[in-house]
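This report concerns only the one structure given below.
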Number of protein chains: 2
Amino acid sequence: MPIIKIALVDDHALLLAGLKMLISAQEDMRVVAEAQTAQEALKVIPATTPDCILLDISLPDMSGMELLPLLKERLPSSHIILLTMHEDQQYLKKGMELGASGFLLKRAMDQDLLYAIRTVYGGGIYIQPDMLKYMVGNKSASVNPQEKALALWNTLSPREQDVMIQLAKGFSSREIADACNLSEKTVATYRYRGFLKLGISRRSELVAFVMKIGVLS
Amino acid sequence: MPIIKIALVDDHALLLAGLKMLISAQEDMRVVAEAQTAQEALKVIPATTPDCILLDISLPDMSGMELLPLLKERLPSSHIILLTMHEDQQYLKKGMELGASGFLLKRAMDQDLLYAIRTVYGGGIYIQPDMLKYMVGNKSASVNPQEKALALWNTLSPREQDVMIQLAKGFSSREIADACNLSEKTVATYRYRGFLKLGISRRSELVAFVMKIGVLS
DNA sequence: CACCGTGTAAGAGAAATTCTTACATCCTTC
DNA sequence: GAAGGATGTAAGAATTTCTCTTACACGGTG
């Protein structure tokens, strides 16, 4: 079994240490370079020709987004996985366009990371399940639960979606009706139809649903 | 030289690993407990009577801010250092008022963390130099709304808090009663008393409230 | 044009919530 | 140690909200 050579770029010393420990514990992986700044990364990484680069988006001297194409230029065959703290669809899209092979939230669990590394090493693309909702309408046709839920959500009419959101926030039909200048009965209909389409029957299920697809703050 | 006993609470597996490695490498420190959720923390930490608890502010099941007084209550002599991702002066002030002994940004360097641990172990207060600017000139500043809301929240009994959370998640009294093996009427009483204490009367207000104080994920 | 999705809404029965009252415990506080 | 208060538990009655069915108008689309 070949060893996967990995380079780490993160200004966060503790996370760097954690990553290193985790990766070093794998039999088929080895950390061949680490850097805490973009400058350092450009200096030390190319000589090590890693198979995979874990790249933090926020670095002190340069954005990981800027560093990405520079690394890609020097190491066209290295697969780059972006690490980020926040669920930012902007970064996700841009990163993928710039040639990243993976996208991972830092709060990801160990297994996710290892799985991501092995996936991109094999030429695949790995994206955190949580983030996939931002990719909807994008070509990749992987059908996961999140995506299906979002598709289901989009079968609701605008009014229905609106009422569902308000309901999830705890508003009663009466409150929603007053806010929208509608009859309570009308709102009740939207509620009923929305529940019907979503295949649910209680407010708690609705809250869980909208949490899952992330249409609430 | 006595060994400093340290407990770690952070939902971030990688950071947890990094912290553990770093601390374990010190001759005078030992990790005696670690937890990834508030529940787990309350379960495993008290028995280990750590000298110092490193507590992440954002946890999946409860805010570190809420967990702090609970831990303080059980372990009055443990010094708690708050860890956070963001430079948030709100948290800093609140945390210090709630009895934290230290405040550290996660991007801190290793030395900072070790120095902070030794400082609070010796009875001192450690605050990240970067954060000190927020403390200038407002030692006992005005009680902010967040804080008042949290204080209000803490006037609720455990049962009441529990029911409030479930209600905010959209569960009905009946559902909560079934889940807790209580009479629906009992749950209704908790609901009523909780609403009374919080000065609210509708579910939507409750949702807004729990969102504000951050007791929901 | 007929059909379907959508926006709107009323009515009746079912369910949930509001508020009051009740009582036993446990814990302080005087 | 008795009184008082907060808490856990729960029932009853009045009120509100929700569920589900029915209804109709309107704009696309096959």
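This structure is a prediction, so every number in the text was calculated from the model and none was measured. Reminder, nothing fancy here: chain letters follow the sequence lines and each chain counts from 1. Every heavy atom of this structure was used, including side-chain atoms; hydrogens, water molecules and symmetry mates were not.
Here the side chain of B:R202 pairs no donor or acceptor atom with the backbone of A:F171 at under 3.5 angstrom.
The interatomic distance linking B:L206 (CG) with C:dT17 (P) rounds to 12 Å, in whole Å. As a whole-Å value, the separation of A:Q161 CD from C:dG5 C1' is 14 Å. Rounded to whole Å, the distance from CG on A:D162 to C1' on C:dT6 is 14 Å. Between B:L167 atom CG and C:dA16 atom C1' there is a gap of 11 Å when expressed in whole angstrom units. With rounding to whole Å, B:F171 atom CZ is found 13 Å from C:dT17 atom P. Across the protein-nucleic acid pair, B:I200 atom CD1 and C:dC19 atom C1' stand 16 Å apart, rounded to whole Å. Rounded to a whole Å, the CD atom of A:E175 is 13 Å from the P atom of C:dT17. Per the geometry, CG belonging to A:L182 stands 9 Å off C1' belonging to C:dG7, to the nearest Å.
With the nearest nucleotide of DNA chain D identified for both B:P158 and B:E184, B:P158 has the one nearer the 5' end.
Not a single donor-acceptor pair, N or O on each side, falls under 3.5 Å between the base of D:dA6 and the side chain of B:S157. With hydrogens and angles ignored, no donor-acceptor pair closer than 3.5 Å exists between the side chain of A:K185 and the base of D:dT22. In the interface, the side chain of B:S172 is not paired with the base of C:dA16 through any donor and acceptor atom under 3.5 Å apart. Side-chain N/O atoms of A:R193 and base N/O atoms of C:dG5 include no donor-acceptor pair closer than 3.5 Å.
Note on B:Y192: every side-chain N or O is 4.0 Å or more away from OP1 and OP2 of C:dT17. One finds no side-chain N or O of A:S173 lying less than 4.0 angstrom from the OP1 or OP2 phosphate oxygen of D:dT17. At C:dA15, none of the side-chain N or O atoms of B:R174 fall inside 4.0 Å of OP1 or OP2 (strictly under the cut-off). Residue B:Y190 has a polar side-chain atom (N or O) positioned under 4.0 Å from OP1 or OP2 of D:dT9.
A:R203 comes within 4.0 angstrom of sugar-phosphate atoms only, judged by non-hydrogen atoms across all strands, and of no base. Base contact: A:T186 has a heavy atom under 4.0 Å from a base atom. Using a 4.0 Å heavy-atom distance criterion, A:S183 is classed as a sugar-phosphate-only contact.
Between A:H12 atom NE2 and A:L83 atom CG the span is 11.5 Å, to the nearest 0.5 Å. Rounding to the nearest 0.5 Å places CG of B:L19 at 6.0 Å from CG of B:L113. Annotation: the span from B:I80 atom CD1 to B:L67 atom CG amounts to 7.5 Å, rounded to 0.5 Å. Note that CD1 of A:I4 is 9.5 Å distant from CG of A:L114, once rounded to the nearest 0.5 Å.
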